[in-house]
2 protein chains.
Amino acid sequence: MATIVDVAAAAGVSTSTVSYVLSGKRTISPATRSRVHRAIAELGYRPHAGARALASNRTDVIGLVAPLREDVDVNVIMQFVRSVTTTARGHDLDVLLLTKEEDAGLRRVSAGSLVDGLLVMDIEADDPRVEVLTGLDRPTVLIGVPRDPRGLSCVDFDFVGAARTVVTHLSALGHRRIAFLASPPRALDRHAGYAERVRDGFLDAARAAGVEAVHQPCEPGPAGVRRALDAVRAGLPGVGALVVHNEAALPALLALLAEEGLSVPGDVSIVTIAASAGDELPRPLTSLTVPVPEIGRTAVEMLVARIGGERTAETRLLGARLEDRGSTAAPRG
Amino acid sequence: MATIVDVAAAAGVSTSTVSYVLSGKRTISPATRSRVHRAIAELGYRPHAGARALASNRTDVIGLVAPLREDVDVNVIMQFVRSVTTTARGHDLDVLLLTKEEDAGLRRVSAGSLVDGLLVMDIEADDPRVEVLTGLDRPTVLIGVPRDPRGLSCVDFDFVGAARTVVTHLSALGHRRIAFLASPPRALDRHAGYAERVRDGFLDAARAAGVEAVHQPCEPGPAGVRRALDAVRAGLPGVGALVVHNEAALPALLALLAEEGLSVPGDVSIVTIAASAGDELPRPLTSLTVPVPEIGRTAVEMLVARIGGERTAETRLLGARLEDRGSTAAPRG
DNA sequence: ATGAAAGCGCTAACAA
DNA sequence: TTGTTAGCGCTTTCAT
């Protein structure tokens, strides 16, 4: 492996000149610069990441904390990961992946100077990691919003706004009984932030609009959907509108409705809040699309800003417009 | 941040003693060891990863190259990632995630001494990355087997053996016409290793068993499954056995058969080759389960061995037993 | 516009 | 069993 000394020798300059050519922190004459670049190319030189980190206190690596939970849609996780890694590379950052041993892992990579900052996914309302993170000296951005961010920056989808948009849309069509098919029970049990916020947003919006509402967690798969639908109908007889915030349950739901001879939107109106665009769903559905890639990109950019010295914490909520694909209509009768 | 010097001072020993306490490469008296440990705990000391990498030529980080392709089942990718990160942490390794800019990325992390070794997923028959990887000085393990591994170690599922097992099972039941519902066309177009090997294994086994066989790529989703089934029946009228190597297509396939009034295994026998155990599928199916977690674990362990100095390249193929869940029977008539 | 040289924090000879 | 110290390869003051 060629070192900066080899490059300097080959180019007939000092090592500091090579360093400055690479960092651009000093003005270098064009002649020198090109000689250095030629030497770098000829020797196939790459700076040693560890040496650079030691001398500069920067690793150019960010940590992505992605708990691979069973109750979170893997497609969504993958979309986040893809968006984060792509954006990070655009800022010349690499990504270290942490999936388990939450607290210890955070402390280890942070105190060990393995990463310049942390991106933490899937934040719960009272996420214990928030406490740990505030004790670390690394910039952190949360994907998700805890009850108390404690000075950490957050990015997320505006679930409350989304719920309001959906309820407004359905109530404007004349619906007075609206059910919400939510995430799996486990997600709610562990107080996943998104699950709670969209639930509260939905119930609040329904109250404000003066419509009857039921919020029902739902396992994906035919059996789970069947149970959830039964529960919904028990609580809200004659319900004519379904808000579905559970992409994995959609195929079974549509199959079940078809089986019952119910038409959409003739008998039942459906709006989804999902990460896939409405036209990539089992059938086109009126929907709000969670802009997962944008959230990932924004998170990286906020983290980059904080690594760069930006001090002020910020919570950013990204919204979505309702896209009408004809799966909602005025209620029967 | 406390450094090794602070710890040494607090414990009243030299820095090398602290270093040796941590690495265990020297015998330390119990008394000294405990004083050092106490100092470490009191100061909250963590070795600086960069400094350690610079001095020892080891980063304790491995690179995981995981192209997030559309035609690969995200669940499988997640299972791999989970297994790899978990196993890696068990060996005190962290995982750097690479998802794009294949060749440049490989060179960058390798020449830049960002990682001690590389794990590369989703290898194609003539994967261009193999050439790049052989030119790197880092130990590498491929998850998947290229036509010519060029001295790199490989781990994978024994797709050929699996195909043979399945064909033998069906032919023993009396089936003489067997169709294979394969990965999406895109996977075959890009010569994904697993897709080609299971195809060839299937066709060879069928020839050896003297049964008629058709291999049919298949898009997931109702429309894709419909087309694939039509093609199969056109090529093999009266086909009574289906080997399905496409987990995403299973729900639609089962729905379609039900719609046609065909019973399993009465009218059609089905065997799947899938990453989910047969009893986690839409309905219990006779199956061969691809041991994804074991493959990931083995890959990490082989990489650890090579990082540790093991020289000999090795290709390991993990097999699976056929689990009978009653979805196969002798053909009608 | 460029160079010289002092660290950054750790590991591993070499010594005792 | 423990200590001393020379690097590892880079960045960045301080000089010129």
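Within every chain, numbering begins at 1; the chains are lettered A, B, ... in the order of the sequence lines, protein sequences first and strands thereafter.
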What verdict does the side-chain contact (heavy atoms from CB on, under 4.5 Å) test give for A/Ile123 and A/Val145, after you've listed the backbone C-alpha separation in whole Å, the side-chain angles of each residue and the deciding distance to 0.1 Å?
CA-CA 6 Å; A/Ile123 295 294; A/Val145 184; over 6 Å; no

Closer than 4.0 Å, any side-chain N/O of [X] to the OP1 or OP2 of [N]?
{"X": "B/Ser56", "N": "C/dT11", "result": "no"}
{"X": "B/Thr17", "N": "D/dT2", "result": "no"}
{"X": "B/Lys25", "N": "C/dT11", "result": "no"}
{"X": "B/Ser19", "N": "C/dT11", "result": "yes"}
{"X": "B/Ser29", "N": "D/dT2", "result": "yes"}
{"X": "B/Thr32", "N": "D/dT2", "result": "yes"}

Just the rounded figure in Å: distance from [atom2] of [N] to [atom1] of [X].
{"X": "A/Arg52", "N": "D/dT12", "atom1": "CZ", "atom2": "C1'", "value": "13 Å"}
{"X": "B/Tyr45", "N": "C/dG9", "atom1": "OH", "atom2": "P", "value": "10 Å"}
{"X": "B/Tyr20", "N": "C/dC10", "atom1": "OH", "atom2": "P", "value": "15 Å"}
{"X": "A/Asn57", "N": "D/dT12", "atom1": "CG", "atom2": "C1'", "value": "12 Å"}
{"X": "A/Arg35", "N": "C/dA1", "atom1": "CZ", "atom2": "P", "value": "14 Å"}
{"X": "A/Arg26", "N": "C/dG3", "atom1": "CZ", "atom2": "C1'", "value": "8 Å"}
{"X": "B/Arg33", "N": "D/dT1", "atom1": "CZ", "atom2": "P", "value": "9 Å"}
{"X": "A/Leu43", "N": "D/dC10", "atom1": "CG", "atom2": "P", "value": "12 Å"}

Given that A/Ile28 and B/Ile4 both sit by DNA chain C, which one's nearest nucleotide is further toward the 5' end?
A/Ile28

Does one side chain, of A/Arg316 or A/Thr298, offer a donor that lies under 3.5 Å from an acceptor on the other?
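Result is no, nothing qualifies.
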
Check whether the side chains of B/Glu310 and B/Thr312 place a donor and an acceptor atom closer than 3.5 Å, and report yes or no.
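Side chains of B/Glu310 and B/Thr312: pair found under 3.5 Å.
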
Before accepting this row, confirm whether a basic side-chain N of the pair A/Asp127/A/Arg147 lies closer than 4.0 Å to the acidic partner's carboxylate O.
no

Candidate list B/Val155, B/Thr86, B/Thr87, test side chain to side chain contact (heavy atoms under 4.5 Å, CB included), partner B/Arg297, passing option:
B/Thr87

Looking for any heavy atom pair under 4.0 Å, which part of the strands does A/Gly112 touch: base, sugar-phosphate only, or nothing?
nothing

Just to be sure I understand the rule, does B/Val18 reach a base, reach only the sugar-phosphate, or reach nothing, if contact means heavy atoms closer than 4.0 Å?
nothing

Got a donor-acceptor contact below 3.5 angstrom from the B/Asp116 side chain to the B/Asp60 backbone?
yes

Under 3.5 Å, side chain of B/Thr99 to main-chain N/O of B/Leu68, donor-acceptor pair present?
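Checking the backbone N and O of B/Leu68 against the side chain of B/Thr99, no donor-acceptor pair under 3.5 Å is found.
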
Polar side-chain contact B/Ser16-D/dG3 base: donor and acceptor under 3.5 Å
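Yes, a donor-acceptor pair under 3.5 Å.
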
From the options D/dT11, C/dC10, D/dG9, select the nucleotide whose nearest atom is closest to the side chain of B/Pro47.
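When the side chain of B/Pro47 is considered, C/dC10 is the closest of D/dT11, C/dC10, D/dG9.
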
Closest listed nucleotide, where the reference is the side chain of B/Ala55 and the choices are C/dC8, C/dT2, C/dT11:
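Looking only at heavy atoms from C-beta outward on B/Ala55, the closest nucleotide is C/dT11.
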
Dot-bracket for DNA chain C, 5' to 3', Watson-Crick and G-U pairs with both distances under 3.5 Å, [ ] for crossing pairs, | for partner on another strand, reads ||||||||||||||||

Residue pair B/Ser110 / B/Leu136: nearest heavy atoms and the distance that separates them:
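Taking every non-hydrogen atom into account, OG-CG, 3.3 Å.
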
